Amino acid sequence: MLSVENLTSRYGRIEVLHGVSFNVAEGEIVTLVGSNGAGKTTLLRAISGVQPTTGGTISFSGESIGGLKAHKRVARGMAQVPEGRQVFAPLTVDDNLRLGAVTRRDDGIATDLENIYTTFPVLAEKRHLQAGALSGGQQQMLAIGRALMAKPKLVLLDEPSMGLAPILVEQIFAIIADFKKRGLTVLLVEQNAYAALAIADRGYVIETGRITISGTGRALLEDPRVRAAYLGL
Amino acid sequence: MAEFLQFAFSGLTVGAIYALIALGFTLIYNASDVINFAQGEFVMVSGMTAVFAAAAGIPLPLAALLAIVVTVLFGILLHRLAIEPARGASPVTLIIITIGASILMRGLAAVFFDKNFHSLPPLAGDTPLNLGGAAILPQSIIVLIGTGIIVTALWLFLNRTLMGKAMLATAANRLAARLVGIDTSAVIGISFVVSALIGAIGGLLATPITLTNYAIGTLLALKGFAAAMLGGMGSPIGAVAGGLLLGLLEAFGAGYLSSQYKDAIAFIVILAVLFAMPQGLFGRASIERV
Ligand SMILES: Nc1ncnc2c1ncn2[C@@H]1O[C@H](COP(=O)(O)OP(=O)(O)OP(=O)(O)O)[C@@H](O)[C@H]1O
Ligand SMILES: [Mg+2]
């Protein structure tokens with residue numbers, strides 16, 4: 001479904017992705033773990049088309065999308081839940097969700113909106129409030145709901161558990177695990193490596209802009225290097 | 001009292017025009033961080049086109065329509081030829097480009113039209129109405145009503161249509177806007193079209209009262225900029241409030257102090273806002289996320 005080959009990207013003169021290659025097959029949950037500054041956010045932004053790349057290829061559903069603008073990639077079925085939630089703070093919850101479907105032209109939008117409200121009842125209660133007035137956990141649910149409104153095939157999630165209380169973290173991971181049952185493909189970036197690898201089919205470790213370890217979720221959880229560096233064991 | 005009313009009315013009338021220009025600044029700034037100093041030229045191009053079209057024998061309504069079309073075309077050209085190719089440049093560079101475009105438009109108007117002052121016939125005659133002892137031009141009332149309609153229409157567009165909401169979303173969080181699939185370059189293009197349209201209507205409303213000439217754009221842009229700063233750059237409500245307030249300050253300043261300093265008031269406002277309250281009256285506190 002998604003295949004990244006030898007991708008490089010830089011901020012000014014500083015290269016932060018030095019030839020990243022990995023892939024995600026249809027229906028999989030793939031987790032990417034890495035410490036602060038490893039390049040996870042840069043990688044996801046490059047895939048979504050909001051961060052320029054300097055080399056390599058990105059293909060999605062068998063087609064090269066490296067030259068497409070961000071909005072065209074969304075229209076092809078790729079949505080991102082960005083780091084730090086990035087909700088449209090002055091707009092209402094309802095408008096945030098509707099804007100998630102801005103690339104769609106089909107008539108299923110209203111039904112999907114109601115489905116999001118069924119999945120996240122707390123958002124339904126607050127649908128007419130400004131998104132900026134929600135708590136961190138609610139904003140995260142809104143960011144997830146907004147991405148789902150695009151009716152994506154692939155969802156990219158950038159540290160969805162960051163800064164949330166343990167009970168909410170559990171809830172968020174349950175929701176992501178549930179994506180699989182809806183037929184969604186997931187690329188999940190996390191520092192909370194244990195929970196993220198536990199729900200993953202496969203995983204990769206990224207260190208300073210390079211993929212260094214890969215394997216099934218279970219294999220990575222048992223890998224001594226991963227246990228030492230990311231699980232604190 | 002009659003004098004006070006007189007000043008208040010003339011202040012509100014001029015202020016309404018400043019408000020329209022400030023709204024144009026706001027829309028483009030929100031979409032792109034660019035402060036479009038060619039905003040005043042939209043008012044000039046529209047007024048001059050209408051004047052010369054009417055003088056060439058085209059009926060006034062058609063001349064007005066032509067003026068709007070020509071001005072909006074200028075807005076599209078400005079975006080396509082000057083802003084879009086420089087995409088990715090710093091806002092300061094883009095601002096300098098708009099100043100260049102403004103000088104160019106002024107030059108073109110001087111050559112293509114002329115350097116004289118012109119007026120348009122007022123829509124509802126020129127017999128002043130008596131209001132509490134103050135003589136009010138019917139055109140003043142038309143300016144105020146017209147501005148009210150534009151502000152309402154803009155509000156409805158921004159808050160009731162998906163495209164308007166996409167513009168608000170782009171203003172609120174550009175990264176998130178791109179990630180949900182909003183074509184943010186198209187949003188910038190639309191902001192230029194809407195700003196040009198507002199400037200064009202402003203020019204048609206104002207010309208019967210303020211007259212027009214190839215060079216009025218520069219001062220109008222500065223006044224509109226002062227109004228937008230006063231209201232808080234980025235806030236549509238602030239733009240309207242700032243425009244009206246600046247118009248009132250000018251009218252009372254000119255009336256009660258000295259008309260010599262009328263144009264200086266806008267500059268004093270810019271300086272005062274910069275020093276005392278950089279966020280303006282309605283601006284959001286610029287707290288950056290870490
Ligand atoms: N806008 C920027 N300008 C310059 N350098 C940047 C910028 N954003 C990130 N970097 C640098 O690029 C590198 C990768 O950053 P990135 O945000 O992709 O890491 P990350 O893995 O997402 O980290 P975190 O876990 O903290 O979110 C870091 O060294 C960072 O300092
Ligand atoms: Mg990150």
Side-chain angles (χ1 to χ4, degrees), chain A residues 12 41 44-52 68-92 94-105 109 130-132 136 139 142-152 155-158 163, chain B residues 26-27 29-33 84-85 87-90 154-190 231-239 279-280 282-290:
Chain A
T41 297
L44 287 199
R45 288 186 180 173
I47 294 170
S48 282
V50 294
Q51 160 73 24
L68 289 184
K69 286 188 171 184
H71 63 100
K72 296 257 168 68
R73 300 187 197 196
V74 179
R76 296 241 181 141
M78 177 190 284
Q80 181 173 154
V81 180
E83 182 175 81
R85 340 196 197 293
Q86 314 284 350
V87 297
F88 301 119
L91 275 65
T92 64
D94 210 58
D95 284 343
N96 269 266
L97 291 173
R98 283 176 197 280
L99 283 166
V102 75
T103 54
R104 290 172 60 182
R105 293 288 170 270
I109 296 174
Q130 287 191 334
Q139 288 193 6
L142 179 57
I144 292 174
R146 185 179 66 183
L148 292 178
M149 284 301 291
K151 211 172 183 180
V155 186
L156 315 172
L157 297 113
D158 195 348
Chain B
T26 302
L27 286 172
Y29 175 80
N30 277 347
S32 63
D33 287 341
E84 180 82 358
R87 198 172 24 166
S90 73
L154 183 66
W155 189 89
L156 289 173
F157 168 67
L158 287 176
N159 293 285
R160 291 281 182 273
T161 69
L162 191 63
M163 190 182 280
K165 286 172 185 176
M167 291 187 81
L168 293 178
T170 305
N173 189 327
R174 213 157 299 155
L175 171 69
R178 295 177 70 195
L179 285 175
V180 298
I182 292 169
D183 181 351
T184 48
S185 330
V187 164
I188 296 175
I190 293 164
M233 189 55 84
S235 157
I237 299 171
Q279 276 116 45
F282 293 83
R284 18 168 203 237
S286 54
I287 300 161
E288 290 291 321
R289 274 178 305 271
V290 183

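So that the names make sense, note that chain A is the first sequence line, chain B the second, and so on, each numbered from 1. Hydrogens, waters and symmetry mates are skipped; everything else that's a heavy atom, side chains included, is used. Computed from a predicted model, the values in this text were never measured in an experiment.
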Per-residue contact mode, A:Arg85 against chain B (heavy atom under 4.5 angstrom): neither
B:Ala176 versus A:Gln86, closest heavy-atom pair with distance: CB-O, 3.2 Å
When A:His71, A:Met149, A:Arg98 are compared by non-hydrogen pairs under 4.5 Å with chain B, the top option: A:His71
Among A:Leu91, A:Val81, A:Val74, residue most engaged with chain B (heavy-atom pairs, under 4.5 Å): A:Val74
Distance-minimising heavy-atom pair for B:Leu179 and A:Ser48: CD2-CB, 3.5 Å
Intermediate values then yes/no, side-chain contact (heavy atoms from CB on, under 4.5 Å), A:Val102 and B:Leu162: CA-CA 8 Å; A:Val102 75; B:Leu162 191 63; 4.0 Å; yes
Segment of B:Thr184 engaging chain A (4.5 angstrom heavy-atom cut-off): neither
A:Asp95 to B:Lys165 - nearest heavy-atom pair and separation: OD1-NZ, 2.8 Å
Heavy atoms of other groups near B:Leu175 CG, more than 12 under 6.0 Å: yes
Closest heavy-atom pair and its distance - A:Leu99, B:Ile182: CD2-CD1, 4.3 Å
Nearest non-hydrogen partners of B:Arg178 and A:Ala70, listed with the distance: O-CB, 3.8 Å
Heavy-atom closest contact (B:Val180 atom, A:Phe88 atom, distance): CG2-CZ, 4.1 Å
